[in-house]
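Below: one structure, written as structure tokens.
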Protein chains: 2
Amino acid sequence: MLSKKTKYGLKALAFLASQKGKEPVQIAEIAKHENISQKFLESILLSLRKTGFLGSKKGKGGGYYLIKDPKEVLMTDIMRVLEGPIAMVPCVSLNFYEKCDDCPSEQECSVHMLMLKVRDSALEIYRNNTLADLIA
Amino acid sequence: MLSKKTKYGLKALAFLASQKGKEPVQIAEIAKHENISQKFLESILLSLRKTGFLGSKKGKGGGYYLIKDPKEVLMTDIMRVLEGPIAMVPCVSLNFYEKCDDCPSEQECSVHMLMLKVRDSALEIYRNNTLADLIA
DNA sequence: TGAATATCCTATTAAATCTATAGGATAATA
DNA sequence: TATTATCCTATAGATTTAATAGGATATTCA
């Protein structure tokens with residue numbers, strides 16, 4: 001299941017992408033428009049800024065804005081920052097690989113191959129969708 | 001991420017499917033072979049029995065065994081019992097549908113369509129794989 | 001300069017879920 | 001009737017997620 005953090009983050013990014021101008025949008029406005037707890041959203045936007053998706057401006061007239069063209073922002077990158085691994089088990093993760101402690105070998109593991117297929121199919125979707133597609 | 005319950009359940013099912021005969025296999029043997037806490041596995045096998053995947057026999061010489069031919073057991077059915085919804089959000093779930101409380105409408109929701117695609121791609125994998133494929 | 005505004009940042013709490021264990025009841029075998 | 005192995009419920013422990021609190025910092029504008 002998608003975490004609230006991810007869902008809210010996606011909605012916030014989509015909302016920012018739907019804005020015509022490049023004017024900063026305040027947290028409060030996004031939170032209100034998307035029915036999100038403002039404080040919770042604040043921490044999510046902060047992490048999106050620190051990972052290079054958003055820029056921000058303090059003080060009056062401040063807020064958050066997209067740094068890149070929505071068409072250039074791949075869903076793979078967004079998902080990995082918000083939700084973490086796209087794979088359902090660490091042993092088939094490209095960016096968050098970890099060995100399973102209960103498996104003697106990945107060759108023998110009955111779960112490994114199936115989860116590899118699932119990961120690949122999810123990757124295909126995320127690689128072929130950008131932030132711009134969220135608002136289309 | 002896949003829960004331990006699901007992972008262990010899949011491994012146990014695969015182990016049972018790999019057995020030549022139809023003799024019951026004891027929890028202890030499965031647990032040892034797959035490096036799983038025996039008590040935890042016990043509760044997992046119990047739920048797989050209650051949902052019609054496994055049969056069981058008590059007493060000496062007892063244990064668990066598959067009820068159906070592994071080729072006839074779809075991964076969709078296994079996953080839904082062990083892990084729950086295949087969809088990442090309830091609003092795109094076929095078997096566990098729920099309306100999102102934060103969304104005014106699913107048409108407008110920027111997350112909805114993307115998650116529908118992800119669900120469909122996962123479904124395609126699970127529908128085209130059976131328990132027999134886990135041990136191939 | 002200073003008041004107002006809005007993000008920045010860390011810490012903490014609250015809630016939910018997941019993982020694992022305990023301990024006896026029940027049934028089958030020999 | 002002793003032994004074996006599942007059945008069943010309850011609960012404890014651990015981890016993760018969701019949300020909140022409160023002040024620090026920077027910017028705007030009068």
Side-chain angles (χ1 to χ4, degrees), chain A residues 1-12 16 23-32 34-67 81-85 88-90 96 98 100-102, chain B residues 1-12 16 23-32 34-67 81-85 88-90 96 98 100-102:
Chain A
M1 282 282 146
L2 214 62
S3 68
K4 297 272 187 188
K5 176 187 174 187
T6 301
K7 191 181 183 190
Y8 293 164
L10 289 176
K11 284 190 167 190
L16 288 174
E23 312 294 88
V25 182
Q26 296 166 25
I27 298 174
E29 187 182 340
I30 306 174
K32 192 177 176 188
E34 301 293 342
N35 282 309
I36 306 172
S37 144
Q38 180 167 342
K39 268 296 191 180
F40 190 25
L41 181 60
E42 187 181 321
S43 69
I44 297 168
L45 296 180
L46 201 58
S47 81
L48 286 171
R49 195 216 60 186
K50 288 184 176 176
T51 47
F53 292 95
L54 298 179
S56 66
K57 194 182 169 190
K58 286 184 180 179
K60 187 163 190 176
Y64 285 95
Y65 52 89
L66 284 176
I67 285 192
V81 158
L82 289 174
E83 187 75 3
M88 296 189 78
V89 280
F96 300 83
E98 259 181 67
C100 298
D101 21 316
D102 57 310
Chain B
M1 282 281 147
L2 214 62
S3 67
K4 297 272 187 189
K5 177 186 175 187
T6 301
K7 191 181 184 189
Y8 294 163
L10 289 176
K11 284 189 167 190
L16 288 174
E23 313 293 88
V25 182
Q26 295 167 27
I27 297 174
E29 187 182 341
I30 306 174
K32 192 177 176 188
E34 301 294 340
N35 283 309
I36 305 172
S37 146
Q38 180 167 340
K39 268 294 190 182
F40 190 24
L41 180 60
E42 187 181 320
S43 68
I44 297 168
L45 296 180
L46 201 60
S47 82
L48 286 170
R49 196 216 60 187
K50 288 184 176 176
T51 47
F53 292 95
L54 298 179
S56 66
K57 195 183 170 189
K58 287 184 179 178
K60 187 163 189 177
Y64 284 93
Y65 52 91
L66 283 177
I67 285 191
V81 159
L82 289 174
E83 187 75 4
M88 296 188 78
V89 280
F96 300 82
E98 259 181 68
C100 298
D101 21 315
D102 57 310

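Letters go in sequence order (proteins before strands), and every chain restarts at 1.
- When distances are taken from the side chain of A/F40 to each of C/dA20, D/dT20, C/dC8, the shortest belongs to D/dT20.
- Shown here for B/R49 and B/S56, the closest heavy-atom pair between the two residues is CD-OG, 3.4 Å.
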In residues 57-65 of chain B, what donor-acceptor pairs under 3.5 Å come from side-chain atoms, sequence neighbours left out?
none

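- Using a 4.0 Å heavy-atom cutoff across all strands shown, A/L45 reaches no nucleic acid atom at all.
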Strictly under 3.5 Å: I want the nitrogen or oxygen pairs between protein and nucleotides 28-30 of chain C, one per line.
unit_1	atom_1	unit_2	atom_2	d
C/dT29	OP1	B/K57	NZ	3.3

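- Rounded to whole Å, the distance from OH on B/Y8 to C1' on C/dT21 is 14 Å.
- Residues from residues 48-56 of chain B with heavy atoms under 4.0 angstrom of DNA chain D, sorted by number: B/R49, B/K50, B/S56.
- Rounded to whole Å, the distance from CD1 on A/I44 to P on C/dC9 is 17 Å.
- For the pair B/L54/B/I67, no side-chain contact is recorded, criterion being any heavy-atom separation below 4.5 Å from C-beta on.
- The interatomic distance linking B/Q38 (CD) with D/dT6 (C1') rounds to 11 Å, in whole Å.
- A salt bridge is defined here as a Lys NZ or Arg NE, NH1 or NH2 lying under 4.0 Å from an Asp or Glu carboxylate O, and A/E42 with A/K39 meets this definition.
- Residues A/K11 and A/E34 share a closest heavy-atom pair of CD-OE1, 3.6 Å.
- Taken from NZ in B/K5 to CG in B/L48, the straight-line distance is 8.0 Å, to the nearest 0.5 Å.
- Here the P atom of nucleotide D/dA18 and the NZ atom of A/K7 are 11 Å apart, to the nearest Å.
- Taking every side-chain heavy atom of B/K4 into account, C/dA20 is the closest of C/dA20, D/dA5, C/dA6.
- As a whole-Å value, the separation of B/L41 CG from D/dC7 P is 12 Å.
- Between A/S43 and A/G62, it is A/G62 whose nearest contact on DNA chain C lies nearer the 5' terminus.
- Which of D/dC8, D/dG22, C/dT19 sits closest to the side chain of A/K39 comes down to D/dG22.
- For the pair B/N35 CG and C/dA20 C1', the interatomic distance rounds to 16 Å; values are reported in whole Å.
- Note on B/S37: a side-chain N or O is less than 4.0 Å away from OP1 or OP2 of C/dT21.
- For the residue pair A/I27 and A/L41, the shortest heavy atom distance occurs at O-CD2, 3.9 Å.
- Here the C1' atom of nucleotide D/dA5 and the OH atom of B/Y65 are 14 Å apart, to the nearest Å.
- Between B/D102 and A/K4 there is no salt bridge, since no side-chain nitrogen of the basic residue lies less than 4.0 Å from a carboxylate oxygen of the acidic one.
- For A/S47 against A/I44, the heavy-atom pair with the smallest separation is OG-O, 2.9 Å.
- Distance, A/E42 CD to D/dA18 P: 17 Å, rounded to whole Å.
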